[in-house]
Protein chains: 2
Amino acid sequence: MKTTIKDIARQVGVSQTTVSLAFRENSRISAATRQQVLEVANRLNYTPNLTARHLRCGKTRSIGMLVNDITNPFYALMVRAAAKTVARHGYELLITDSQWNPDKEIRELKKLIESRVEGILACFCEKTDEGFTLLERYNVPFLALDTYPKGFKGPFVANDLIDTGRLAAEHLAEAGCRHPVFFTAEQEMAHFSSFLIIEREFGRILNERGIEFDAGHVISAGLTIASGLEALMKLWKKDRTVDGIFCANSLCALGVIEAGDRLGIKVGRDLAVMGIDDLDICELSRISLTAIRQLYGQLTEMAATSLIDCLREKRPLTVRLSLKPELIVRESSRLKINHAKSRLVAPNISSILDPERVTASGKV
Amino acid sequence: MKTTIKDIARQVGVSQTTVSLAFRENSRISAATRQQVLEVANRLNYTPNLTARHLRCGKTRSIGMLVNDITNPFYALMVRAAAKTVARHGYELLITDSQWNPDKEIRELKKLIESRVEGILACFCEKTDEGFTLLERYNVPFLALDTYPKGFKGPFVANDLIDTGRLAAEHLAEAGCRHPVFFTAEQEMAHFSSFLIIEREFGRILNERGIEFDAGHVISAGLTIASGLEALMKLWKKDRTVDGIFCANSLCALGVIEAGDRLGIKVGRDLAVMGIDDLDICELSRISLTAIRQLYGQLTEMAATSLIDCLREKRPLTVRLSLKPELIVRESSRLKINHAKSRLVAPNISSILDPERVTASGKV
DNA sequence: TTGAAAGCGCTAACAC
DNA sequence: GTGTTAGCGCTTTCAA
C-alpha cells in the first residue's frame, strides 16, 4: 500500500493537518516540525495523492485536449504547444485522439468531462454537432481549435481558411494556370466546413479572374501520400488539360508529385502543385513544394492562454480569432516563371538551416 | 456546481447506493428504479466524477506514458498504439513528454506517480539513471520502451539495436563502400546507450569485413534535416573519400541527401546514404532512401499488453524483448549495383500504395 | 503553532 | 431490492 499523510503523522507524532501544511511553503508550521515531516515523508517514499487532493479541492488543475490524429505532425505540434503553455500556468494536459471518428470524439469528450478537466481545447472532427453540444450541455469551458464547425457560435482560435483559399487561387492564377482543380479530403470528410470554406473561396477568386471552376473541379482525393498519388493517376486518365492542383494538405501534394513523376508530367513546368501545411520536407530541393503555412504552434498557445485566463478570472470565453496563413512559393508551382524565362530560382532554405526552428517532425 | 449522485438520490427519493448501483449493468436494482434514476440523471446532466470513484476504489485504471518528443512521428505512432491497446483493456493513457530533458523526465514521472497511474510505459531519455530509479523506489510497475538505459536490469520491449547496426554495416559493405561513416545524434545524445550499441556493432561488422572504422568515423551529426545537411557540408570540406553514410535517423539522412544534391555528389552512385526509421516519404521516388524499419506500433502494443496483463494478474513484469528491424533497400545506397550494371531498380512502393498502412504521418 | 472534525463524491460491506 | 454506514486521502474550517 502507498504511504499516506496519516502514516507520516503517526510516525512523527503530529496531526494530519500538520503534515499537510508542512508540504506547503510559508504555512504556519515551525521549521523544526516541517523538517521532521519532510524527513519521514522522504524515508517512507511518500507522494501526495492527487486524486484525493482534487476531490477535496473541487478542481483538477487540468485541461483536456482533443485532436483528430495524434500521429499527424500538426496535431502533435499543437499538443506540444498546448502542453507547454498549460504547464506554464500550473495545469496538466490530458490528451485524447478521436481518430476522425465522431463516436470516439463523443466518448473521449465524455471521459474528459468525467475526469473533471476544467476546460477543453477541441479540434472537432466536425461530422456532427454532437461534440460541442455535449460540452455546452455539461457546461465545460471550451475552445474550438484549428477549425470550427459550420455555424459555430462559440469561441475559437483557428486558421483563416478564406485567406487560405484566396492565397492558393491567386497564386495559381498568377502562375498561369487555366485549368486548376482542388484535391480535397476523402468523400466522408470533404463536406467538413473547413474544406468547404477553402474550396468556395478558392473557386470564387478563380472565377473572379475568369478561370473556370465549379463542383466538377473538386476531387475527393484524400489526405495521404497514397491517396494523392492515386487521385492524380485516375484523373490523368480522363483529363490531361489540368495544369494546377491545389491539395488540401501537403501529404496529398507529395503523392501528386509522385504520380506526376511516374506519369512523366513535369511538375512545376506543366503542372503546378501546391498544398496546405508546410512540412519540413517541402523545403528539400528534390521536393520543393509550394505550400501554405499555418501557424499551429502560435494558434494553440493563444488558445490555451486565453482558456486559462478565462478560467482564472471566471470570465466566459469570447475569443474568436483567425490567424493569417503564409504562402511559401517553391519550384512545384512556378509555371509562369518557367514558361517565361525558363529560369530556376533557388528554393527558400532558410528555415531548414535554422536548427532552432520549431519543427513538426522534430528530433530522432 | 456539478450534479452529484446525491442530487439524483434526493430527486428520485432513493438512496445514494441505489443511484450508484443503477449505473451498473446487472446490479440488483429493479428495472423501474433504474429507469427513473437514469431519467433524472439525464435531466440533471449528471456525469460521474472519476476523481471520486478512483479515490474510493483505490485504483485509477490509468497507465502513464512517457515519450521524449511527442512531435516525432515515431513517438506519436507509439502513443497512438499505446492509447488504443490500453483502451481495449479499459484503461486510460496519460501522455507526457520529456523533450529529451532529464529534469523534465523526472518531473513528469513524479506527476504520473502522484496521479496514481497503475503502471508506466517509459521511453527514458537515458541521460541519467534517475528515471527508473524513481519508479523502482516508488514501486510503480513500469516497462522501458523502444530503448533502455545501459546496464538496465528491468523489463523492456525494445528494438534490436545490435541487429540494426549489423544490417547497416552488412548492407553498406555489400554495396561496396570502403569509407563509411556513422552520423550519430548530437554531442549530448551521442553517448546514449542506444546510439552506442548501434555504433559499436556497425563498426564491429565493418572491421570484420576488413573495412576501416574507428571513433574517427563517428560524427555527431544530429537527428534533424538541418543538422544532417550541415554535417555533410562540413565533412565534405575536409574529406571527400567518404562513400557511405549511415544516419541515426531518416531525417538526418534526408538532410544528407540535400547536402549531397547541393554539393553535386551523386547520392546512390558515389555516396550511399541510409537511415534508421522508415518514413513514408523515404518511399517517394524523388527521395528513395534506404532505411531500417523499426516496428514501433507492434513494439508498443506488446509492451502495453504485457504491462496490463501483469497488472491484472498482479505478477511482476519480467518481459525483456527485442524486436528485429527490417532493412528496406532503395536507390540511395545502390552503389555496387550501379557501378557494376548501372541499372536502376524500381523502388519498393507497395506500402505507399496501401491506404490501410499504419503511417507515421497519418492523415490531413 | 497545532489539532479535531468535517466533508469532497463515490462505492463496498452489511443489514434489512 | 433497497438503505445505512463507513471510509478512500486529502484540505479546510474552526477551536485551542
Side-chain angles (χ1 to χ4, degrees), chain A residues 1-38 40-41 44-62 90 92 110-111 113-118 138, chain B residues 1-38 40-41 44-62 90 110-111 113-118 138-139:
Chain A
M1 235 24 279
K2 280 258 171 207
T3 317
T4 74
I5 234 172
K6 231 180 193 163
D7 303 316
I8 303 175
R10 202 174 328 112
Q11 278 267 338
V12 182
V14 291
S15 73
Q16 293 185 41
T17 312
T18 306
V19 176
S20 175
L21 255 26
F23 290 113
R24 251 171 311 183
E25 296 299 303
N26 50 351
S27 51
R28 49 209 221 182
I29 281 324
S30 76
T33 25
R34 162 165 298 133
Q35 175 71 16
Q36 264 195 79
V37 167
L38 295 183
V40 174
L44 300 183
N45 291 333
Y46 171 78
T47 23
N49 183 329
L50 291 190
T51 311
R53 169 150 50 212
H54 292 157
L55 175 59
R56 172 63 233 233
C57 297
K59 50 194 162 157
T60 58
R61 304 270 103 166
S62 67
E92 287 301 301
K110 274 192 178 148
K111 278 198 253 172
I113 299 174
E114 294 179 352
S115 299
R116 294 294 186 267
V117 294
E118 297 182 28
Y138 287 104
Chain B
M1 237 22 283
K2 280 256 171 208
T3 318
T4 73
I5 234 173
K6 229 177 194 163
D7 302 316
I8 303 175
R10 201 176 325 112
Q11 279 266 338
V12 182
V14 291
S15 74
Q16 292 185 40
T17 310
T18 305
V19 176
S20 175
L21 255 25
F23 289 113
R24 250 171 312 184
E25 294 301 302
N26 52 355
S27 51
R28 53 213 213 178
I29 283 321
S30 76
T33 25
R34 162 166 297 134
Q35 175 71 16
Q36 264 195 79
V37 167
L38 296 182
V40 174
L44 299 182
N45 291 333
Y46 171 79
T47 24
N49 183 330
L50 290 190
T51 310
R53 168 144 58 209
H54 292 157
L55 177 58
R56 172 62 236 228
C57 298
K59 49 195 163 162
T60 57
R61 303 271 103 167
S62 66
K110 275 193 177 145
K111 278 198 254 173
I113 299 173
E114 293 179 355
S115 299
R116 294 293 186 267
V117 293
E118 298 181 27
Y138 287 103
N139 209 18

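In what follows, chains carry the letters A, B, and so on, assigned in the order in which the sequence lines appear, proteins first and then strands, with residues in each chain numbered from 1. As the structure is a computational prediction, the values presented were derived from the model and not from experiment.
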- Scan Lys2(B) against the nucleic acid and name what it touches under 4.0 Å (heavy atoms): base, sugar-phosphate only, or nothing. nothing
- Task: Classify the nucleic acid contact of Thr33(A) as base, sugar-phosphate or nothing, counting any heavy atom under 4.0 Å across all strands shown.
- Result: sugar-phosphate
Distance in angstrom units between [X] [atom1] and [N] [atom2], rounded:
| X | N | atom1 | atom2 | value |
| --- | --- | --- | --- | --- |
| His54(A) | dC8(D) | NE2 | C1' | 16 Å |
| Leu55(A) | dC8(D) | CG | P | 13 Å |
| Leu50(A) | dC8(D) | CG | P | 18 Å |

- Query: If you look at every heavy atom in Ile8(B) and Val40(B), which pair is closest and at what distance?
  - Reply: CG2-CG1, 4.1 Å
- When every non-hydrogen atom of Ser115(B) is compared with those of Leu50(A), the smallest separation belongs to OG-CD1, 3.8 Å
- Task: Please list, chain by chain and in numerical order, all residues satisfying ring-ring contact (aromatic ring centres under 6.0 Å, His included) with Tyr46(A), sequence neighbours excluded.
- Result: Phe23(A)
Report yes if some heavy atom in the side chain of [X] is under 4.5 Å from a heavy atom in the side chain of [Y]; otherwise report no.
| X | Y | result |
| --- | --- | --- |
| Val19(B) | Val12(B) | no |
| Thr47(A) | Lys2(A) | yes |
| Gln36(A) | Thr18(A) | no |

Polar atom pairs (N or O), protein with nucleotides 11-13 of chain D, under 3.5 Å:
{"residue": "dT11(D)", "atom": "OP1", "partner": "Arg53(A)", "partner atom": "NH1", "Å": "2.7"}
{"residue": "dT11(D)", "atom": "OP2", "partner": "Ser20(A)", "partner atom": "OG", "Å": "2.6"}
{"residue": "dT11(D)", "atom": "O2", "partner": "Arg56(A)", "partner atom": "NH1", "Å": "2.2"}
{"residue": "dT12(D)", "atom": "OP2", "partner": "Arg24(A)", "partner atom": "NH1", "Å": "3.1"}
{"residue": "dT12(D)", "atom": "O4'", "partner": "Arg56(A)", "partner atom": "NH2", "Å": "3.1"}
{"residue": "dT12(D)", "atom": "O4", "partner": "Thr17(A)", "partner atom": "OG1", "Å": "3.2"}

- Message: It should be established whether Lys59(B) places a side-chain nitrogen or oxygen under 4.0 Å from OP1 or OP2 of nucleotide dC8(D).
- Response: no
- Nearest-0.5 Å distance that lies between atom NE2 in His54(A) and atom CD in Glu92(A): 8.0 Å
- Query: Atom CZ of Arg116(A) and atom CG of Asn49(B): how far apart are they, to the nearest 0.5 Å?
  - Reply: 4.5 Å
- Query: Please, which pairs that meet salt bridge (charged side-chain N to carboxylate O under 4.0 Å, His left out) have at least one residue in residues 9-32 of chain B, sequence neighbours excluded?
  - Reply: Asp7(B)-Arg10(B)
- Task: Using the side-chain contact (heavy atoms from CB on, under 4.5 Å) rule, take Val14(A) and Thr33(A) through it: C-alpha gap first, then chi angles, then the decisive distance, then the call.
- Result: CA-CA 9 Å; Val14(A) 291; Thr33(A) 25; 4.3 Å; yes
- Item | Start and end of chain A contact along DNA chain C [non-hydrogen atoms, under 4.0 Å] | dT1(C) to dG9(C)
- Task: List for me each residue that meets salt bridge (Lys or Arg N to Asp or Glu O under 4.0 Å) alongside Arg56(A), sequence neighbours excluded, and say none if there are none.
- Result: none
- Item | Nearest-nucleotide 5' precedence on DNA chain D, Thr47(A) against Arg34(B) | Arg34(B)
- List DNA chain D stems (3 or more consecutive Watson-Crick/G-U pairs, under 3.5 Å)? C:1-16 with D:1-16
